[in-house]
Amino acid sequence: QINSALFVPDYTYVSTNFGIVLIDLVKFEIKETILLGENSIESPVFETTLKDDTLYAATANGLFFIDIDNPFISSVNFWTKFENLPDNHSNGPFTNVVEYKGFIFANYRNEDSGNNDVVYRLDNDGWSSILNNQTVRNLISTSSGIIICTNTPVFIRDENGGTIRNIWQFNDQFFKANDAIFDEDG
């Protein structure tokens, strides 16, 4: 199953239920298969994002990162797992990871408590929560803010996690959005 795809010049990082497939778009070939499970076994990767030269991966086993130019990108031994997340959330699962204005945002899926996911923001001081007590369906980075689609409203946040707008209804109807767009006109 394909969970998401990150397009960068010449390559696509395809997140799948077994790992990441790196596709060379110039040569039209699979360049690498990256397995981020313990001992390089298959494990779901839900999303990847890029900030500067660092690739981040949201996986069933936590959040990982690596330098994009690391020649050993296909070996889990060269990836670093974030071990410093609050509330013992380092082992995941993380369903989304996006970059916005130089910050990394990631969603921790709380499978034990149905409506209690946590969206974290990474800055120079470490990880902090910007939203909790929601079931997050998607995180989207746009030019106007981070869109957080949940089972109730759609939250739009700035780079510091501050509220830009909350949308509870569309055409007087409540909804559960899987995806959304937001432009300068709102």
Side-chain angles (χ1 to χ4, degrees), residues 1-6 8 13-22 32-141 146-151 155 157-162:
Q1 170 180 318
I2 294 175
N3 297 315
S4 66
L6 172 67
V8 298
Y13 294 85
V14 181
S15 300
T16 73
N17 274 0
F18 62 84
I20 302 169
V21 177
L22 176 55
E32 305 275 359
T33 300
I34 304 163
L35 304 177
L36 292 179
E38 194 171 321
N39 298 318
S40 295
I41 63 169
E42 294 180 5
S43 182
V45 176
F46 301 107
E47 190 167 33
T48 58
T49 197
L50 190 62
K51 177 184 175 240
D52 301 323
D53 293 328
T54 303
L55 181 67
Y56 296 83
T59 80
N61 304 314
L63 279 170
F64 292 83
F65 67 96
I66 192 169
D67 185 291
I68 196 86
D69 295 319
N70 189 315
F72 304 105
I73 196 168
S74 64
S75 173
V76 69
N77 297 324
F78 288 86
W79 286 72
T80 302
K81 181 178 179 180
F82 283 103
E83 298 288 354
N84 59 343
L85 280 116
D87 300 319
N88 295 318
H89 289 168
S90 295
N91 291 324
F94 283 85
T95 56
N96 302 94
V97 61
V98 297
E99 183 274 337
Y100 178 65
K101 290 194 176 182
F103 298 99
I104 296 296
F105 294 82
N107 180 60
Y108 170 79
R109 171 62 40 91
N110 191 343
E111 294 177 333
D112 296 329
S113 176
N115 200 25
N116 202 18
D117 292 358
V118 181
V119 177
Y120 288 107
R121 174 185 174 269
L122 176 64
D123 62 21
N124 292 334
D125 296 324
W127 293 97
S128 59
S129 169
I130 65 157
L131 181 75
N132 56 27
N133 297 321
Q134 297 289 329
T135 299
V136 175
R137 300 167 75 85
N138 204 357
L139 290 181
I140 304 124
S141 178
I146 291 289
I147 298 174
I148 306 169
C149 298
T150 73
N151 276 350
F155 298 95
R157 299 292 176 96
D158 65 20
E159 66 271 20
N160 297 312

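Hydrogens, waters and symmetry mates are skipped; everything else that's a heavy atom, side chains included, is used. Along the sequence shown, residues carry numbers from 1.
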*Run the ring-centre check on F65 versus W79 and record whether the distance is less than 6.0 Å.*
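No, ring centres 6.0 Å or more apart.
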_Quick check: Y108 with Y120 (ring centres under 6.0 Å apart)?_
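No: the rings miss the under 6.0 Å criterion.
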Under 4.5 Å between any side-chain heavy atoms of [X] and [Y], yes or no?
X: L35; Y: I41; result: no
X: V119; Y: N132; result: no
X: F155; Y: I147; result: no
X: R121; Y: N160; result: yes
X: V118; Y: N110; result: no
X: F94; Y: T59; result: no
X: Y56; Y: L63; result: no
X: S90; Y: F82; result: no

[X] [atom1] to [Y] [atom2] distance, which is reported to the nearest 0.5 Å:
X: N107; Y: I130; atom1: CG; atom2: CD1; answer: 10.0 Å
X: F64; Y: S43; atom1: CZ; atom2: OG; answer: 7.5 Å
X: S15; Y: E47; atom1: OG; atom2: CD; answer: 7.0 Å
X: D67; Y: T80; atom1: CG; atom2: OG1; answer: 10.5 Å
X: N133; Y: N116; atom1: CG; atom2: CG; answer: 4.5 Å
X: K51; Y: S141; atom1: NZ; atom2: OG; answer: 12.5 Å

*Take I140 and I146 through the test side-chain contact (heavy atoms from CB on, under 4.5 Å) and record every step on the way to the result.*
CA-CA 6 Å; I140 304 124; I146 291 289; over 6 Å; no
_Does E38, at its CD atom, have more than 12 non-hydrogen atoms belonging to other residues, nucleotides or ligands within less than 6.0 Å?_
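Not buried by this count: 12 neighbours or fewer within 6.0 Å.
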Looking only at the side chains, is there a donor atom on one of [X] and [Y] sitting less than 3.5 Å from an acceptor on the other?
X: N96; Y: N138; answer: yes
X: N61; Y: K81; answer: no
X: N3; Y: Q1; answer: yes

*Among all residues two or more places apart in sequence or in another chain, which pass the salt bridge (Lys or Arg N to Asp or Glu O under 4.0 Å) test with R109?*
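Partners of R109 under the salt bridge (Lys or Arg N to Asp or Glu O under 4.0 Å) test: D117.
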Please output the side-chain donor-acceptor pairs of residues 97-105 that fall under 3.5 Å, not counting sequence neighbours, one pair per line with the distance.
| unit_1 | atom_1 | unit_2 | atom_2 | d |
| --- | --- | --- | --- | --- |
| E99 | OE2 | K101 | N | 3.4 |
| E99 | OE2 | G102 | N | 2.6 |
| Y100 | OH | G145 | N | 3.3 |

*asked:* Taking F72's backbone N and O only, do any of them form a donor-acceptor pair with N70's side chain (distance below 3.5 Å, no angle check)?
replied: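 Checked: pair present.
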*If a pair satisfies ring pair (Phe, Tyr, Trp, His ring centres under 6.0 Å) and one of its residues is in residues 32-54, list it, with sequence neighbours excluded.*
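Qualifying pairs: none.
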*May I have the step-by-step check of side-chain contact (heavy atoms from CB on, under 4.5 Å) for L55 and L6, ending in yes or no?*
CA-CA 10 Å; L55 181 67; L6 172 67; 3.8 Å; yes
*asked:* For a side-chain contact (heavy atoms from CB on, under 4.5 Å) check, start with the C-alpha distance between V136 and I148, then their side-chain angles and the critical distance, and finish with the verdict.
replied: CA-CA 7 Å; V136 175; I148 306 169; 4.1 Å; yes
*Would you check, one step at a time, whether the test side-chain contact (heavy atoms from CB on, under 4.5 Å) holds for I73 with I34?*
CA-CA 7 Å; I73 196 168; I34 304 163; 4.1 Å; yes
